[in-house]
Amino acid sequence: VQLQASGGGLVQTGGSLRLSCVASGRAMNNYAMGWFRQAPGKPRELVALRGGRTYYVDSVKSRFTISRDIAKNTVYLEMNSLKVEDTAVYYCAASAYYGGTYYDAIYYDYWGQGTLVTVSS
């Protein structure tokens with residue numbers, strides 16, 4: 001299985017970006033798929049997850065939306081009202097633990113390569 005993430009870039013505060021992550025090699029409909037991010041000097045954190053449940057970290061609620069297109073084997077992260085503190089490398093990930101919300105990266109089986117999001121003030 002390979003996950004290919006794209007859509008990162010440079011945007012000003014208040015702007016929007018949409019990240020995409022396409023899976024290949026197997027159908028991912030039985031996997032929870034989500035997005036982590038890692039800013040310099042900080043641990044990797046789960047931002048959003050879509051599986052049996054939908055999860056958002058508090059700092060992105062009402063600004064980010066995660067969605068999936070099962071037919072395209074793709075997960076998206078729509079990011080609006082971006083803030084400087086959203087600057088990070090964003091990674092898509094897939095977990096076989098479909099029914100729960102797992103914050104630790106060890107529960108994720110597949111990872112994308114990361115896409116950099118930079119929000120300037």
Close side-chain approach of [X] to [Y], heavy-atom, < 4.5 Å:
X     : Y     : result
Arg63 : Met79 : no
Ile70 : Arg68 : yes
Tyr56 : Ile66 : yes
Tyr76 : Asp69 : yes

Least distance between heavy atoms, [X] atom then [Y] atom:
X     : Y      : value
Gly8  : Thr115 : N-OG1, 3.0 Å
Lys72 : Thr74  : O-OG1, 2.8 Å
Arg50 : Ser67  : NH1-CA, 3.6 Å

**Report entry** Working for side-chain contact (heavy atoms from CB on, under 4.5 Å), residues Glu45 and Gln38
**Finding:** CA-CA 6 Å; Glu45 69 168 347; Gln38 188 165 21; over 6 Å; no
Taking [X] for the side chain and [Y] for the main chain, is one N or O donor matched with an acceptor at less than 3.5 Å?
X      : Y      : result
Tyr91  : Ala5   : no
Thr87  : Glu85  : no
Asp109 : Ala96  : yes
Arg18  : Glu78  : no
Ser95  : Tyr107 : yes
Arg53  : Leu49  : no

Query raised in the report: Between Asn80 and Ser16, do the side chains contain an N or O donor and an N or O acceptor separated by less than 3.5 Å?
Result: yes
**Report entry** Check: Arg26/Tyr31 side-chain N/O donor and acceptor closer than 3.5 Å
**Finding:** yes
Report task. Please round to the nearest 0.5 Å and tell me the distance separating atom CG of Leu10 and atom CG of Leu17. Result -> 9.0 Å
**Report entry** Separation of Cys92 SG from Met28 CE (nearest 0.5 Å)
**Finding:** 9.0 Å
Requested in this report: Could you please spell out the steps behind the side-chain contact (heavy atoms from CB on, under 4.5 Å) verdict for Leu3 and Val22?
Outcome: CA-CA 6 Å; Leu3 303 182; Val22 182; over 6 Å; no
Requested in this report: Answer yes or no: are there more than 12 heavy-atom neighbours, outside Tyr110 itself, under 6.0 Å from its atom OH?
Outcome: yes
Requested in this report: Kindly check if the number of other-residue, nucleotide or ligand heavy atoms within 6.0 Å of CD (Gln12) is above 12?
Outcome: no
Report task. Let me see the working for Val84 and Thr13 under side-chain contact (heavy atoms from CB on, under 4.5 Å), right down to the final yes or no. Result -> CA-CA 6 Å; Val84 171; Thr13 300; 3.7 Å; yes
Requested in this report: Could you check Arg44 against Val89 for side-chain contact (heavy atoms from CB on, under 4.5 Å), going step by step and ending with a plain yes or no?
Outcome: CA-CA 9 Å; Arg44 191 171 296 192; Val89 177; over 6 Å; no
Query - Basic-acidic side-chain contact under 4.0 Å: Lys61, Asp58 - result: yes
Requested in this report: Identify which one of Tyr102, Trp35, Tyr108 satisfies the side-chain contact (heavy atoms from CB on, under 4.5 Å) criterion when paired with Leu46.
Outcome: Tyr108
**Report entry** Given Leu77, Val75, Asn73, the one that forms side-chain contact (heavy atoms from CB on, under 4.5 Å) with Cys21
**Finding:** Val75
